[in-house]
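Working notes, structure below.
Side-chain atoms are counted along with the backbone in the values below, which use heavy atoms only and exclude waters and symmetry mates. Convention: sequence-line order gives letters A, B, ...; per-chain numbering from 1.
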Number of protein chains: 2
Amino acid sequence: ATLAWAEQSTVAPAPNGITIPEGYKDWRLIAVTQRPETNTLRAILGNDVAIAAARAGNTNPWPDGAVLAKVVVKQKNHPRYPTAQVPGEFVHAEFMIKDSAKFASTGGWGFARWLGEKLEPYGKDANFVQECVGCHTTVQQTDWVFTAPISLP
Amino acid sequence: ATLAWAEQSTVAPAPNGITIPEGYKDWRLIAVTQRPETNTLRAILGNDVAIAAARAGNTNPWPDGAVLAKVVVKQKNHPRYPTAQVPGEFVHAEFMIKDSAKFASTGGWGFARWLGEKLEPYGKDANFVQECVGCHTTVQQTDWVFTAPISLP
């Protein structure tokens, strides 16, 4: 949990060449979500560009340079308070990187995912992004992003 | 969502005199939780002292100066992907502030909560903390804290 950059950089790039965004676990909160069908809890975090855009309501489209991270963990009952669903095992971290020129063919976003504690790149080859795009097309009218940022007072 | 400090400071203190921790919405992630019985999603965030302690596994006891924030939102179905439970209305923000001398009578933690977008202080008088303490006593063996921090790789 306290890897220095030298260690982090040993994470292999995704099959489409995207490298894991450095320091994502220090990013600030955009939203919290839950998926009953997979028994998972998720946090959506944003880099500084994304946070500034979210707070300014400037998210359709999100600006170039914005990066959204989603970290997914299994949920489990709290041992002393069983109705509370709390984080279990880490499942994956995934990212959307906004660069409307570079990623023009996929809605302006670069997609990548790393699995498990070892952060193994997801996907056999670069075509894995078709899976991401296939689902995120559902929200094309909100710049391919499902999440509406929480507005904290 | 982008209040300057001058505006934030108009939030009234809790009945026990605790003032709302400045800048809590910029704090980093400790955990994500969900409560089916209240239909709410929660993010637990920590100030720098808390994040350092969480990453070092130094949480029993948490060090003086650590502050934990919990932000609670209603959950709702995503309009375009209904199984996904996503943030709705903001419910409250609440805090535990570790100062083992100052808050010796309540496990070393100061408790406070603010309700709704207007951040109205919770509690008729300083005795509201008995409600917090009553429930958090369940986890006295983990320094009165329910949350085990997520360890992100």
- Taking it one step at a time, do T147(A) and H78(B) satisfy side chain to side chain contact (heavy atoms under 4.5 Å, CB included)? CA-CA 9 Å; T147(A) 298; H78(B) 191 284; over 6 Å; no
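In this structure, W144(B) is a member of the same hydrophobic cluster as F128(B), with clusters built from ILVMFWY side-chain heavy atoms closer than 4.5 Å. Residues L29(B) and F95(A) share a hydrophobic cluster, clusters being chains of Ile/Leu/Val/Met/Phe/Trp/Tyr side chains in contact below 4.5 Å. Hydrophobic clustering (side-chain heavy atoms under 4.5 Å, transitive across Ile, Leu, Val, Met, Phe, Trp, Tyr) groups F111(A) together with L115(A). In the hydrophobic clustering of this structure, L41(A) groups with I150(A); members are Ile, Leu, Val, Met, Phe, Trp, Tyr whose side-chain heavy atoms approach within less than 4.5 Å, directly or through other members. Linking Ile, Leu, Val, Met, Phe, Trp and Tyr whenever their side-chain heavy atoms come within less than 4.5 Å leaves V129(A) and V139(A) in two separate clusters.
A 4.5 Å side-chain heavy-atom check between L152(B) and Y24(A) finds at least one atom pair inside the cut-off. Two residues are said to be in side-chain contact when any heavy atoms from C-beta on lie closer than 4.5 Å; R28(B) and L45(A) fail this criterion. Contact of the Q34(A) side chain with the V32(B) side chain is not registered, since no non-hydrogen atoms from C-beta on lie closer than 4.5 Å. With a 4.5 Å cut-off on side-chain heavy atoms, Q85(B) and T33(A) do not count as touching.
V73(B) touches chain A through its side chain: at least one heavy atom from C-beta onward sits under 4.5 Å away, while N, CA, C and O do not. For F90(B), the part sitting under 4.5 Å from any heavy atom of chain A is the side chain, from C-beta outward, and nothing else. Of the atoms belonging to Q141(A), it is side-chain heavy atoms, and not backbone ones, that fall under 4.5 Å from chain B. Residue contact with chain A, scored on non-hydrogen atoms closer than 4.5 Å, involves the side chain of V71(B) exclusively. Both the backbone and the side chain of E117(A) have a heavy atom closer than 4.5 Å to some heavy atom of chain B. Heavy atoms closer than 4.5 Å to chain A are found in the side chain of E37(B), but not in its backbone.
Between C135(B) and Y81(A) the shortest heavy-atom distance is SG-CE1, 3.8 Å. What you find for P153(A) and G116(B) is that their closest heavy atoms are CG-O, 4.1 Å. For the pair T83(A) and P36(B), the tightest heavy-atom approach, listed with the atom from each and the gap, is O-CD, 3.2 Å.
The OG atom of S151(B) sits 7.0 Å away from the NZ atom of K25(A) when rounded to the nearest 0.5 Å. One finds the CD1 atom of I51(A) at 8.0 Å from the CG atom of D26(B) (value rounded to the nearest 0.5 Å).
Taking a 6.0 Å sphere around CD of Q140(B), one finds it holds more than 12 heavy atoms contributed by other residues, nucleotides or ligands.
Between the R80(B) side chain and the T138(A) main chain, a donor and an acceptor come within less than 3.5 Å of each other.
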